[in-house]
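Below, all heavy atoms of this structure are taken into account, side chains as well, without hydrogens, waters or symmetry copies. We count residues from 1, following the sequence as given.
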Amino acid sequence: EVLQAASDFSNFATVPERLVQGQVNTRTLAEMAASGHLFQDPIFLGASGQLLPDPNHIVYYGISLGGIEGAVMLATDAPFSAVSLHVGGGFWSTMLERSSNWGSFEVLMADGVPEPADRQLLYAVSQLWWDPVDPVSYIEELSQKEVLYQYSLGDEQVANLSTEALIRSIELPLLSPVAVSLVGVAETQTPMGRAAVQFDPQRVLPAPGNRPAEVNGAHHAPRLWAGAQAQVVDYLSPETLRSIVHHCGAAPCSASNTGE
């Protein structure tokens, strides 16, 4: 369907509609887990017949698209005890062309809509369909939510521009120490359950401009670092629920300081 939409923009609405359905499906699964109905199957029982999952502790960890759409679920009060989002963002119509994934779709779009100015207009119009599944539509709600929001400097798939705009809009502070300070974003060592955290893969940054970024690996690198993983475990575990801990010492977490 995505390829069909790229080659014929009149089909575009089917793409965000699939994300709306994904929201419904995931929310239903979470509700079933929180009510205990999901765990009635014997597969969830231990050797002594005890229930292994805890319906009172359902958490969410979303990466990339899961980080984008997870923010929408958080905003709409899905039954999660804690939510951790990794390399997500917002502003779908802004993200599209800046993603390293965009090249294949641009070829099809250019074939159907040859004029660049016409394509720009269509991308802007597309935001009307993205709105129901775009975190930027839920700024007021997200401003009140506790969340751990991890992002990677130089991310070639989800542009830092879109992530940092969302962080600023929902007034998330940055956990210090930071690699790069952001205008209009506070820095804190005591995040109180909600903060954004920078990770620096020390890769070549994408070129400025509204063009697909070169693949540099920044989108994937931090999730494998011990410091990033331990931070998520802290935030989602019942014993340390929603605690945001910096595991990389006195310096920001980076490719040369991964928190091992």
Side-chain angles (χ1 to χ4, degrees), residues 59-64 66-68 70-75 80-91 135-136 138-203 205 217-260:
V59 298
Y60 180 92
Y61 177 42
I63 300 172
S64 194
I68 298 169
V72 175
M73 279 198 294
L74 174 64
F80 298 120
S81 301
V83 172
S84 178
L85 307 176
H86 186 83
V87 294
F91 304 85
V136 74
Y138 304 90
I139 293 300
E140 183 176 355
E141 293 85 353
L142 288 171
S143 297
Q144 310 301 318
K145 300 296 186 181
E146 292 191 342
V147 61
L148 170 61
Y149 205 115
Q150 300 178 322
Y151 81 105
S152 177
L153 294 176
D155 192 323
E156 81 275 22
Q157 292 189 30
V158 179
N160 287 166
L161 172 69
S162 68
T163 304
E164 291 168 356
L166 183 61
I167 288 169
R168 185 178 296 108
S169 298
I170 65 176
E171 299 181 340
L172 270 186
L174 272 177
L175 182 68
S176 61
V178 302
V180 180
S181 294
L182 303 179
V183 175
V185 178
E187 296 176 13
T188 181
Q189 293 180 333
T190 55
M192 299 296 291
R194 68 188 310 264
V197 184
Q198 287 179 348
F199 295 92
D200 185 5
Q202 300 173 327
R203 307 294 174 89
L205 298 179
H219 185 71
H220 295 91
R223 78 189 63 165
L224 301 178
W225 299 349
Q229 293 177 347
Q231 190 174 74
V232 173
V233 171
D234 289 337
Y235 197 77
L236 300 182
S237 295
E239 299 80 11
T240 52
L241 192 65
R242 294 193 292 276
S243 298
I244 302 178
V245 182
H246 179 67
H247 288 272
C248 297
C253 289
S254 66
S256 55
N257 180 38
T258 61
E260 293 290 346

*Could you walk me through whether Ile63 and Val87 pass side-chain contact (heavy atoms from CB on, under 4.5 Å), step by step?*
CA-CA 6 Å; Ile63 300 172; Val87 294; 4.0 Å; yes

*Given side-chain contact (heavy atoms from CB on, under 4.5 Å), test Val197 with Leu175 step by step and report yes or no.*
CA-CA 5 Å; Val197 184; Leu175 182 68; 4.0 Å; yes

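Contact of the Leu166 side chain with the Ile139 side chain is registered, since non-hydrogen atoms from C-beta on lie closer than 4.5 Å. Side-chain atoms of Gln150 and Arg223, non-hydrogen and from C-beta on, never get closer than 4.5 Å to each other. Between Cys253 and His246, the closest side-chain pair of non-hydrogen atoms falls below 4.5 Å. Side-chain atoms of Asp155 and Thr163, non-hydrogen and from C-beta on, never get closer than 4.5 Å to each other. Side-chain contact between Tyr151 and Glu164: present, with at least one pair of heavy atoms (C-beta onward) separated by less than 4.5 Å. Residues Gln198 and Leu174 meet the side-chain proximity criterion, which asks for heavy atoms closer than 4.5 Å. Contact annotation: the side chain of Gln231 approaches that of Phe199 to within less than 4.5 Å [non-hydrogen atoms, C-beta and beyond].
Here the shortest heavy-atom pairing between Ser162 and Gly90 reads CB-O, 3.1 Å. Summarising the geometry of Leu236 relative to Leu241, their closest heavy-atom pair is O-CD1, 3.9 Å, with the distance given to 0.1 Å. Of all heavy-atom pairs spanning Gly66 and Tyr60, the tightest one is O-OH, 2.7 Å. Scanning all heavy atoms of the two residues, the minimum distance from Cys248 to Asn257 falls at O-ND2, 2.8 Å. The two residues Leu74 and Lys145 have their closest heavy-atom pair at O-CE, 3.3 Å. Residues Ala179 and Pro252 share a closest heavy-atom pair of N-CG, 3.7 Å.
Checked against Tyr61 for a side chain to side chain contact (heavy atoms under 4.5 Å, CB included), the options Val83, Val233, Val232 give a single hit: Val232.
Rounding to the nearest 0.5 Å places CD1 of Ile167 at 6.5 Å from CG of Leu172. Here the straight-line distance linking atom CG of Leu148 with atom NE2 of His86 works out to 10.0 Å at 0.5 Å rounding. Note that OG of Ser152 and NE2 of His220 are 10.5 Å apart. Values are rounded to the nearest 0.5 Å. With rounding to the nearest 0.5 angstrom, the CD atom of Glu239 is 10.5 Å from the CG atom of Asp234. Rounding to the nearest 0.5 angstrom, the gap separating the OG atom in Ser84 from the CD atom in Glu146 is 13.0 Å. We find the CZ-OH distance between Arg194 and Tyr149 to be 12.0 Å, quoted to the nearest 0.5 Å.
Judged purely by atom type and a 3.5 angstrom limit, Ser176 has no side-chain atom pairing as donor or acceptor with the backbone of Val178.
More than 12 heavy atoms of other residues, nucleotides or ligands sit less than 6.0 Å from atom CD of Gln202.
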